[in-house]
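Contents: one structure, followed by commentary.
We number each residue from 1, following the sequence as shown.
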Amino acid sequence: MDKNWTTWNTQAMQALDRGDIEQAERAFRQACGSGDPRADSNLGWFYFLMGGSVRDSEAEARYWIQKALQRSRHPRILQNIARLRFENGDFAGALAALQEAHRADQSPVLLYNLGMCHFWLGDKAAAAACFREADAANAADLLCAQCGAVHPRLAYAFCVQGEERAAALRRYAPERNDMELWDYVLLCVQCEAYAMAAPVLPELVSQWALTDQTLAMTALCLQHVPAEKERVLRCFSDELSEKRDRLLHLLGDANECARLAASQPFFPPPATHEGYFTEECL
């Protein structure tokens, strides 16, 4: 193993921890002088994560990760190239890379992202199978808290329809976190499980931006569960009187409610895997 590569890589990771982006970039580049594909992959992943905050980051990420892939088919490098392809809309290319990685790494994060690729390619049955397998691995905390994904049960619910979706949402409801509330209500509305969404409507209108779609989802639920109406209306302060009036208007217009509620579909985000090679995995 090249000591120069590991030394520079350690310095780069320490610089990242300090928030010293320029020093991290210099150290990652120095590490690439070793010729080790893991160094190339780390530099590419650095550029990917930096996004527009570093000049030419997209082109640099693509160059260095592709260079690493030419030298190594390590599952981590495959996942890195898959994420680049996914972000560029090449879902078939991302799926191929993840399937190759999956032969050596059956991690729940990889499974979840396989599901994402299948979903965007239109194969919801294959996507649902991946999300179900990720859920069986009890990986929800990892996926949601550390990887920026949604609960695999929620992602699974998005892949199925009708009563199967309602059943999936019932299984998911005890695990729901606040960040997924809007998605949960939307999916309930889409499968007409209004009674499931109604109890959380006060939470929805109190915590989320009162867009027309949010108000339309709320109105649709209240049209079918009118007993919740007064409890929801009490959540609107005097400063929100216009939003309250808009909700009342939508309550009387089922067609507009349905149109607005469907105006923005729910697309689960991919999970962010650990893309860096660090001392622990060298």
Side-chain angles (χ1 to χ4, degrees), residues 51-53 87 89 116 119-120 124 131 140 143-145 147-272:
S53 63
E87 295 299 330
M116 289 298 306
F119 171 79
W120 281 98
K124 291 188 177 180
F131 295 138
L143 288 165
C144 299
C147 302
V150 300
H151 196 295
R153 292 182 193 175
L154 185 65
Y156 173 84
F158 187 61
C159 296
V160 294
Q161 300 293 327
E163 181 51 39
E164 188 176 359
R165 175 178 286 182
L169 289 170
R170 281 192 289 272
R171 291 192 298 272
Y172 159 75
E175 306 292 328
R176 179 183 60 77
N177 63 59
D178 290 342
M179 295 301 296
E180 295 171 355
L181 173 61
W182 193 92
D183 301 327
Y184 170 71
V185 173
L186 174 63
L187 292 180
C188 286
V189 168
Q190 288 181 348
C191 67
E192 300 183 354
Y194 304 111
M196 289 172 57
V200 301
L201 292 178
E203 187 179 349
L204 180 73
V205 299
S206 298
Q207 297 181 11
W208 288 81
L210 297 175
T211 63
D212 266 2
Q213 187 175 16
T214 300
L215 292 172
M217 294 191 307
T218 303
L220 274 173
C221 292
L222 294 180
Q223 287 169 1
H224 292 84
V225 191
E228 294 289 338
K229 179 180 176 180
E230 291 305 317
R231 195 163 69 98
V232 171
L233 289 177
R234 284 198 296 270
C235 297
F236 289 80
S237 64
D238 291 341
E239 290 78 8
L240 296 173
S241 60
E242 290 185 9
K243 296 295 185 180
R244 183 178 59 237
D245 291 344
R246 177 64 171 156
L247 174 62
L248 291 171
H249 166 77
L250 290 170
L251 277 169
D253 193 333
N255 289 334
E256 188 174 7
C257 274
R259 179 183 65 81
L260 289 171
S263 61
Q264 179 184 332
F266 163 52
F267 294 121
T272 300

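- The shortest distance between side-chain heavy atoms of L154 and E175 does not fall below 4.5 Å.
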Give the intermediate values and the outcome of side chain to side chain contact (heavy atoms under 4.5 Å, CB included) for residues L247 and V205. CA-CA 11 Å; L247 174 62; V205 299; 5.7 Å; no
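- Interatomic distance, M217 CE to L222 CG, rounded to the nearest 0.5 Å: 12.0 Å.
- Contact record, V189 with A261: CG1-CB, 4.4 Å, taken as the closest heavy-atom pair.
- Of all the heavy atoms in P199 and A195, the pair that sits closest is CD-O, 3.2 Å.
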Would you sort out whether F158 and F131 count as a side chain to side chain contact (heavy atoms under 4.5 Å, CB included), showing the intermediate values? CA-CA 10 Å; F158 187 61; F131 295 138; over 6 Å; no
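- How far SG of C188 is from CG of L220: 12.5 Å, rounded to the nearest 0.5 Å.
- To the nearest 0.5 Å, atoms CG (L204) and CG (L186) are separated by 10.5 Å.
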Determine, step by step, whether W182 and Q207 satisfy the side chain to side chain contact (heavy atoms under 4.5 Å, CB included) criterion, reporting the C-alpha distance in whole Å, the side-chain angles of both residues, the deciding distance to 0.1 Å, and the verdict. CA-CA 10 Å; W182 193 92; Q207 297 181 11; over 6 Å; no
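- In terms of heavy-atom proximity, D183 sits nearest to M179 at OD2-O, 4.4 Å.
- To the nearest 0.5 Å, atom CG of residue L169 and atom OH of residue Y156 are 11.0 Å apart.
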Residues C144, V150; criterion side chain to side chain contact (heavy atoms under 4.5 Å, CB included); working and verdict: CA-CA 5 Å; C144 299; V150 300; 5.6 Å; no
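- Closest heavy-atom contact between Q223 and L251: NE2-O, 3.2 Å.
- Residues L260 and L215 have side chains not in contact (no heavy-atom distance under 4.5 Å, counting atoms from C-beta outward).
- Screening residues 219-230 for salt bridge (charged side-chain N to carboxylate O under 4.0 Å, His left out) gives E228-R231 as the qualifying pairs, with residues at least two apart or on separate chains.
- For residues 203-221, the salt bridge (charged side-chain N to carboxylate O under 4.0 Å, His left out) pairs, not counting sequence neighbours, are R176-E203, D212-R246.
- Using a 4.5 Å heavy-atom cutoff, the side chains of L210 and F236 are in contact.
- Ring orientation note: the planes of Y172 and H151 are nearly perpendicular, at an angle over 60° on the 30°/60° scale.
- The distance from the OG atom of S206 to the CZ atom of R234 is 11.5 Å, given to the nearest 0.5 Å.
- What you find for M116 and P268 is that their closest heavy atoms are CE-O, 2.7 Å.
- Between the T272 side chain and the G148 main chain, no donor and acceptor come within less than 3.5 Å of each other.
- Of the inter-residue distances, the one linking E256 atom CD with H249 atom NE2 reads 4.5 Å to the nearest 0.5 angstrom.
- Under a 3.5 Å cut-off, the side chain of R165 and the backbone N or O of C191 do not form any donor-acceptor pair.
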Does the pair E239 and S237 meet the rule for a side chain to side chain donor-acceptor pair (under 3.5 Å), with working shown? CA-CA 5 Å; E239 290 78 8; S237 64; 3.1 Å; yes
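- Contact check on E180 versus R153 returns no salt bridge, with no Lys/Arg side-chain nitrogen under 4.0 Å from an Asp/Glu carboxylate oxygen.
- Of all heavy-atom pairs spanning A216 and C257, the tightest one is CB-O, 3.6 Å.
- Counting heavy atoms from C-beta on, the side chains of R259 and N255 never come closer than 4.5 Å.
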